[in-house]
Novice: 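Before we start, here is the structure in question, set down as structure tokens.
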Amino acid sequence: MSLDKIIVPLDVPTQEEAIALVEKLPQVTFWKVGLELFVSCGPEILTFLKAQQKRIFLDLKFHDIPNTVAGACRSASRYGVDLITVHATAGKTALKAAQKAAEEGANEAGYPTPKLIAITLLTSLNSRDLAFDLKVPLELPEYTLNMALLAQESGLAGAVCSPLEVSQLRQTCGNEFLFVCPGVRPAWSERGDQQRTFTPAQALKAGADYLVIGRPITASDDPTTALQRIVEEIS
Ligand SMILES: O=c1ccn([C@@H]2O[C@H](COP(=O)(O)O)[C@@H](O)[C@H]2O)c(=O)[nH]1
């Protein structure tokens, strides 16, 4: 049960390393394919994961004009993936077009429509980055709430947010809206480039549907034990 809440990113440079990781952690049912792996080996990795009956989070964070985002979502939906990311800042027209195209692509290929989830604000950014570098004149919680609401109003299934904000976003967006949280760090692991973090137990308590946990597991000398330790902490 707890294991079903964990999505592990395949943030490795080659297909061989990705397959080795999937084989090393057979208990993981939900894998994330991101930019590094997809740029390196393309959709073949999705075919491999489907053949292993794994669920797939395709995290390519589409961000472009509506026609281009829609085309990418249509193509991605033909692979039978379960989750797809789009940046909320692509705007309402792009998000609506993406949702429609995902439904069409999945339908053409005979798959259920994947859940489109919008990036609210990358978990590697903090309040200072938002105010001084991105020059956004809003407090961070208000900004992420606006982005989640934009996704919801555009017909998307959910959003990606930091576990620090999920409780507040959940209160406004309701229980049907899906919240996927990266920026999850067990107390014993390095934070790395993640700025807005909670432990796995805190993130679930705050209302996350899924936790994306990468390096604490995949960069560990013993990924099996690291995963087991996380599962025990949240069980
Ligand atoms: O805001 C975001 C959106 C996506 N990610 C992705 O999640 C994983 C996190 O990996 P860790 O090793 O646990 O830091 C990674 O693939 C990111 O691309 C995110 O971190 N934040």
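Just so you know, ligand 1 is whichever comes first in the structure, and atom 1 is the first atom listed for that ligand. Worth saying up front: this structure is predicted, and the values here are computed from it rather than measured. Numbers for residues simply follow the sequence, beginning at 1.
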Novice: Checking contacts here: is it the side chain or the backbone of Asp59 that comes within 4.0 Å of ligand 1, counting heavy atoms only? Could be both or neither.
Specialist: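 Side chain only.
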Novice: In the protein, what heavy atom is nearest to atom 17 (C) of ligand 1, and what distance, to one decimal place, separates them?
Specialist: Lys32 NZ, 3.9 Å
Novice: Identify the protein heavy atom lying closest to atom 18 (O) of ligand 1, giving its residue, its atom name and the separation to 0.1 Å.
Specialist: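 Ranked first by proximity to atom 18 (O) of ligand 1 is Lys61 NZ, 3.4 Å.
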Novice: Between Arg55 and Asp82 (salt bridge meaning N to carboxylate O under 4.0 Å), is one present in this structure?
Specialist: no
Novice: Any atoms of ligand 1 less than 4.0 Å from a non-hydrogen atom of Pro182? List them with their elements.
Specialist: 2 (C), 3 (C), 4 (C), 5 (N), 7 (O), 19 (C), 20 (O), 21 (N)
Novice: Are Leu122 and Val166 connected into the same hydrophobic cluster when the rule is that any two of I, L, V, M, F, W, Y join if their side-chain heavy atoms are below 4.5 Å apart?
Specialist: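 In one cluster with Val166: Leu122, no.
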Novice: Examine Thr123 against ligand 1 and note whether any of their N/O atoms are separated by less than 3.5 Å.
Specialist: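 Thr123 vs ligand 1: N/O contact under 3.5 Å present.
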Novice: List every atom of ligand 1 that sits less than 4.0 Å from any heavy atom of Arg215, numbering the atoms from 1 in the order shown and giving each element.
Specialist: 11 (P), 12 (O), 13 (O), 14 (O)
Novice: Any idea which atoms of ligand 1 are less than 4.0 Å away from a heavy-atom of Val212?
Specialist: 7 (O), 8 (C)
Novice: Should His63 and Thr89 count as side-chain neighbours, where that means a heavy-atom distance under 4.5 Å?
Specialist: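 Yes, at least one pair of side-chain atoms sits under 4.5 Å.
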Novice: Considering heavy atoms of the protein only, find what lies nearest to atom 20 (O) of ligand 1 and give residue, atom and distance to 0.1 Å.
Specialist: Gln194 NE2, 2.7 Å
Novice: Return the option from Arg196, Gln195, Arg185 holding the heavy atom at the smallest distance from atom 11 (P) of ligand 1.
Specialist: Arg185
Novice: Taking the six-membered ring for Trp, are the ring centroids of Tyr210 and Phe30 within less than 6.0 Å of each other?
Specialist: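 Yes, ring centres under 6.0 Å apart.
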Novice: So how far is it from Lys100 NZ to Leu116 CG, rounded to the nearest 0.5 Å?
Specialist: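 Reported value, rounded in 0.5 Å steps: 13.5 Å.
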Novice: Can you confirm whether the side chains of Thr199 and Gln202 place a donor and an acceptor under 3.5 Å from each other?
Specialist: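 Looking only at side-chain atoms, Gln202 and Thr199 do form a donor-acceptor pair, the distance falling under 3.5 Å.
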Novice: When only distance counts, is Gly214 in polar contact with ligand 1, meaning an N/O pair under 3.5 Å?
Specialist: yes
Novice: Under 4.0 Å between a side-chain nitrogen and a carboxylate oxygen: does that hold for Asp133 and Lys135?
Specialist: no
Novice: With a 4.0 Å cut-off on N to O distance, would you call Asp129 and Arg196 a salt bridge?
Specialist: no
Novice: Return the closest protein heavy atom for atom 15 (C) of ligand 1 as residue, atom name and distance.
Specialist: Asp11 OD2, 3.4 Å
